[in-house]
Amino acid sequence: MLIHLSNLCKVYNTGDVEIHALRDINIEIDRGEFVAICGPSGSGKSTLMHILGCLDRPTSGSYLLDNIPISGYNDKELSKIRNRNIGLVFQSFNLIPQLTVMENVGLPLLYNRIPRDEIHKKVIDILENVELEKRMLHRPGELSGGEQQRTAIARAIINDPLILLADEPTGNLDTRIGQEIMNIFSRLHKDGKTIVVVTHNHTVASYAERQINLMDGMLGL
Ligand SMILES: Nc1ncnc2c1ncn2[C@@H]1O[C@H](COP(=O)(O)OP(=O)(O)OP(=O)(O)O)[C@@H](O)[C@H]1O
Ligand SMILES: [Mg+2]
């Protein structure tokens with residue numbers, strides 16, 4: 001089992017008010033699965049994705065990632081686990097505007113102290129995989145939305161993470177380009193990647209093998 005959530009809860013404290021964003025969540029995801037987490041706005045999808053992606057911790061309950069109990073780690077340890085194991089893709093791409101496509105994609109490898117020529121070779125390989133090699137010296141501001149998201153996907157997979165997580169990856173793209181992006185996820189899944197996509201969009205969710213529904217922070221049918 002790659003991901004194992006048991007009785008997971010997340011409570012946000014905002015002043016006097018407690019918001020129960022996730023209540024008693026139990027989820028198991030195997031290696032190689034392609035899962036969509038679906039639900040309306042405010043149902044807790046991004047909260048769940050942040051916890052799965054080791055960007056945040058649950059308030060209670062346990063999260064085992066590849067049998068490692070995540071809840072007990074501090075921020076520094078958590079970011080190490082994240083860099084090694086998790087690839088993240090967001091709705092708004094989150095690329096660094098000053099860096100070229102190549103530099104953005106190679107960034108996760110720089111943190112791991114890999115020699116420059118090895119980084120260069122890996123970056124070119126991945127950019128060919130997402131058909132961006134002709135854009136590698138451009139900056140994000142000079143790219144279309146679809147090209148920016150393909151850059152973000154390349155950056156997310158360059159470390160060969162255990163799991164690729166995406167939060168509304170097609171939310172800022174038109175339908176046709178969104179399909180191209182989902183086809184890339186399907187291809188990566190065929191190649192053996194474990195993928196979790198968070199979305200409120202049923203067409204996007206239909207690319208996954210399995211759907212998990214969230215409603216008011218709880219698992220639904
Ligand atoms: N940092 C935070 N502080 C306080 N409340 C939060 C915080 N983040 C999210 N929430 C609340 O938790 C609930 C779940 O939010 P979340 O962002 O996970 O929903 P979502 O399903 O991703 O929605 P959307 O589809 O609009 O992105 C909402 O009621 C939201 O207002
Ligand atoms: Mg969200």
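For ligands, and for the atoms within them, numbers begin at 1 and follow the listed sequence.
Residues Phe93 and Arg155 share a closest heavy-atom pair of O-NH2, 3.2 Å. Taking each heavy atom of Gln211 and Cys38 in turn, the nearest pair found is OE1-SG, 3.8 Å. The two residues Glu209 and Glu33 make their nearest non-hydrogen contact at OE1-CA, 3.4 Å. Nearest heavy-atom pair, Ile3 versus Met1, reported as atom, atom and distance to 0.1 Å: O-CG, 3.4 Å. Met102 and Val123 get closest at one heavy-atom pair: O-CG1, 3.9 Å. The two residues Ser62 and Ser71 have their closest heavy-atom pair at CA-OG, 3.9 Å.
Residue contact annotation: Ser46 places an N/O/S atom under 2.8 Å from the Mg ion (ligand 2).
Residue Ser43 places at least one N or O, backbone or side chain, under 3.5 Å from an N or O of ligand 1. Residue Lys45 has at least one N or O atom closer than 3.5 Å to an N or O atom of ligand 1.
Close approach of ligand 1 to Ser46 (heavy-atom distance below 4.0 Å) involves ligand atoms 17 (O), 18 (O), 20 (P), 22 (O), 27 (O). Within ligand 1, the atoms closer than 4.0 Å to a non-hydrogen atom of Pro40 are 21 (O), numbered from 1 in the order shown. Short contacts between ligand 1 and Thr47, defined as distances under 4.0 Å to a heavy atom of the residue, involve ligand atoms 14 (C), 15 (O), 16 (P), 18 (O). Heavy-atom proximity to Thr14, at under 4.0 Å, picks out these atoms of ligand 1: 4 (C).
Under the 4.0 angstrom criterion, atom 25 (O) of ligand 1 counts as having a protein heavy-atom contact. Atom 2 (C) of ligand 1 is approached by the protein to below 4.0 angstrom, counting heavy atoms only.
Of all protein heavy atoms, the one closest to atom 6 (C) of ligand 1 is Tyr12 CD1, 3.2 Å. Among protein heavy atoms, atom 23 (O) of ligand 1 sits closest to Gly42 N, 2.8 Å. For atom 12 (O) of ligand 1, the nearest protein heavy atom (residue, atom name, distance) is Ala21 CB, 3.5 Å.
When heavy-atom distances to ligand 1 are checked against a 4.0 Å cut-off, Ile19 comes that close only through its side chain, counted from C-beta outward.
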Apply side-chain contact (heavy atoms from CB on, under 4.5 Å) to the pair Lys134 and Leu127, showing each step before the final yes or no.
-> CA-CA 9 Å; Lys134 293 204 176 89; Leu127 287 178; over 6 Å; no

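Under the 4.5 Å side-chain heavy-atom criterion for grouping Ile, Leu, Val, Met, Phe, Trp and Tyr, Tyr12 is not connected to Val198 through any hydrophobic cluster.
When each of Thr47, Leu214, Asn7 is checked for a side-chain contact (heavy atoms from CB on, under 4.5 Å) with Ile25, only Leu214 meets the rule.
The closest approach between Gly39 and ligand 1 stays at or above 4.0 Å for every heavy atom of the residue.
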